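The block underneath contains the structure these notes are about, expressed in structure tokens.
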Amino acid sequence: MKTIEKKISLVQDRVKRLKKLSADIGSFSEYQSSPDHKDIAERNIQVAIEGCLDIAKIVISSKELPEPMDNKGVFTVLAEAGILSNESLKFLVPMAGTRNVLVHGYDKVEDSIIYGVIKQHLKDFAVFLKEINENYLNAAKRADHSNSR
């Protein structure tokens, strides 16, 4: 559980940094004209989504769920297992694709997508972590508690 808790802290830290950045940016044109803002946003989004992917892979492994075909499938497997909501998939699946663009194709990064994430979708990371906490960590703790009686 310590590994997953470290990953959760990592995601929370990166989202906190993104919230600060979002508060400092007044407009899309301001974001677009600042290479520093873009670098900070892109890197923190990449690390946050990689943290989410790592958490999801840990859950898949520990629950012996089916192996996903790719990063997008990681979240789908958890939704099929009832750990994530279908609503979360609407954010997480595209974010897995965005992570791939950030890592492998910097020339294809769309500023509007990154700006949209920092201005409108940071709460979706919190929703993911809440669902992991409620549907995996708390369930595992309840099972451990029942088994120790």
Side-chain angles (χ1 to χ4, degrees), residues 1-63 65 68-142 144:
M1 290 290 182
K2 288 210 182 294
T3 301
I4 203 166
E5 290 166 355
K6 284 182 183 179
K7 296 289 182 181
I8 289 170
S9 292
L10 170 81
V11 173
Q12 290 170 329
D13 177 61
R14 295 307 176 129
V15 170
K16 183 178 167 184
R17 293 178 193 196
L18 288 163
K19 284 180 182 175
K20 182 184 180 321
L21 176 66
S22 178
D24 292 344
I25 299 171
S27 68
F28 178 62
S29 60
E30 183 183 337
Y31 171 78
Q32 224 175 3
S33 66
S34 173
D36 289 341
H37 288 334
K38 288 166 49 170
D39 287 349
I40 292 166
E42 290 172 9
R43 178 64 178 153
N44 281 289
I45 288 170
Q46 175 192 335
V47 173
I49 198 65
E50 286 174 347
C52 293
L53 286 163
D54 290 346
I55 290 165
K57 290 174 184 176
I58 291 166
V59 173
I60 288 169
S61 175
S62 73
K63 292 189 73 66
L65 297 172
M69 300 272 290
D70 55 20
N71 280 342
K72 291 179 182 183
V74 167
F75 300 119
T76 304
V77 167
L78 291 186
E80 289 170 353
I83 295 168
L84 296 180
S85 66
N86 287 330
E87 191 64 29
S88 285
L89 287 183
K90 292 177 186 174
F91 169 73
L92 293 166
V93 170
M95 285 294 15
T98 299
R99 177 251 172 226
N100 291 342
V101 170
L102 289 169
V103 171
H104 302 295
Y106 285 106
D107 58 327
K108 298 176 188 172
V109 174
E110 289 188 41
D111 291 343
S112 61
I113 291 173
I114 301 302
Y115 182 77
V117 170
I118 64 172
K119 287 295 187 177
Q120 299 172 353
H121 292 286
L122 295 180
K123 66 188 178 307
D124 293 316
F125 286 103
V127 170
F128 166 78
L129 295 176
K130 182 178 184 243
E131 290 178 354
I132 290 294
N133 192 43
E134 289 176 358
N135 301 325
Y136 174 72
L137 290 175
N138 288 346
K141 288 175 187 173
R142 285 191 299 273
D144 287 348

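Bear in mind that the values here come from a model prediction, so they are computed numbers and not experimental data.
- Nearest heavy-atom pair, Ile49 versus Ala96, reported as atom, atom and distance to 0.1 Å: CG1-N, 4.2 Å.
- No side-chain heavy atom of Phe91 sits under 4.5 Å from any side-chain heavy atom of Val127.
- Here Leu129 contributes atom CG and Ser9 contributes atom OG; the two are 9.5 Å apart, rounded to the nearest 0.5 Å.
- Taken to the nearest 0.5 Å, the OG1 atom of Thr76 stands 9.0 Å off from the CG atom of Asn86.
- When all heavy atoms are compared, the tightest approach of Ser22 to Lys119 is O-NZ, 2.6 Å.
- The line from CG of Leu65 to CD of Glu80 is 9.5 Å long, rounded to the nearest 0.5 Å.
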Evaluation steps, side-chain contact (heavy atoms from CB on, under 4.5 Å), between Met95 and Ile45: CA-CA 9 Å; Met95 285 294 15; Ile45 288 170; 4.0 Å; yes

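- At least one side-chain heavy atom of Leu102 sits under 4.5 Å from a side-chain heavy atom of Ile114.
- One distance of note links CG of Asn133 with CD1 of Ile8; it measures 6.0 Å at 0.5 Å rounding.
- Nearest heavy-atom pair, Ser33 versus Pro35, reported as atom, atom and distance to 0.1 Å: O-CD, 3.4 Å.
- Interatomic distance, Lys20 NZ to Ile25 CD1, rounded to the nearest 0.5 Å: 10.0 Å.
- Proximity of Leu84 to Asn135: side-chain heavy atoms (C-beta onward) are nowhere separated by under 4.5 Å.
- Shortest non-hydrogen contact noted between Arg14 and Ala48 is CB-CB, 4.0 Å.
- The shortest side-chain heavy-atom distance between Phe128 and Val11 does not fall under the 4.5 Å cut-off.
- Atom NZ of Lys130 sits about 14.0 Å away from atom NZ of Lys123, to the nearest 0.5 Å.
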Residues Ile132, Leu78; criterion side-chain contact (heavy atoms from CB on, under 4.5 Å); working and verdict: CA-CA 9 Å; Ile132 290 294; Leu78 291 186; 4.1 Å; yes

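- For the 3.5 Å distance criterion, the side chains of Gln46 and Glu42 fail to qualify, holding no donor opposite an acceptor.
- Here the side chains of Lys57 and Asn71 are in contact, with some heavy-atom distance below 4.5 Å.
- In this structure, Val59 and Ile83 have side chains that are in contact, with non-hydrogen atoms separated by less than 4.5 Å.
- The shortest side-chain heavy-atom distance between Asp39 and Arg43 does not fall under the 4.5 Å cut-off.
- Closest non-hydrogen pair, Gly51 versus Lys7, comes out as O-CB, 4.4 Å.
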Candidate pair Cys52 and Phe125, rule side-chain contact (heavy atoms from CB on, under 4.5 Å), full reasoning: CA-CA 8 Å; Cys52 293; Phe125 286 103; 3.7 Å; yes

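- Taking all atoms of both residues into account, the shortest heavy-atom contact from Gly26 to Glu30 is N-OE1, 2.9 Å.
- Between Tyr115 and Tyr31, the ring-plane angle classifies as tilted under the 30° and 60° cut-offs.
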Audit row: Val117, Asp124, side-chain contact (heavy atoms from CB on, under 4.5 Å) steps and yes/no: CA-CA 9 Å; Val117 170; Asp124 293 316; over 6 Å; no

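- Inter-residue side-chain proximity for Lys38 and Val109 is flagged as unmet; no heavy-atom pair is nearer than 4.5 Å.
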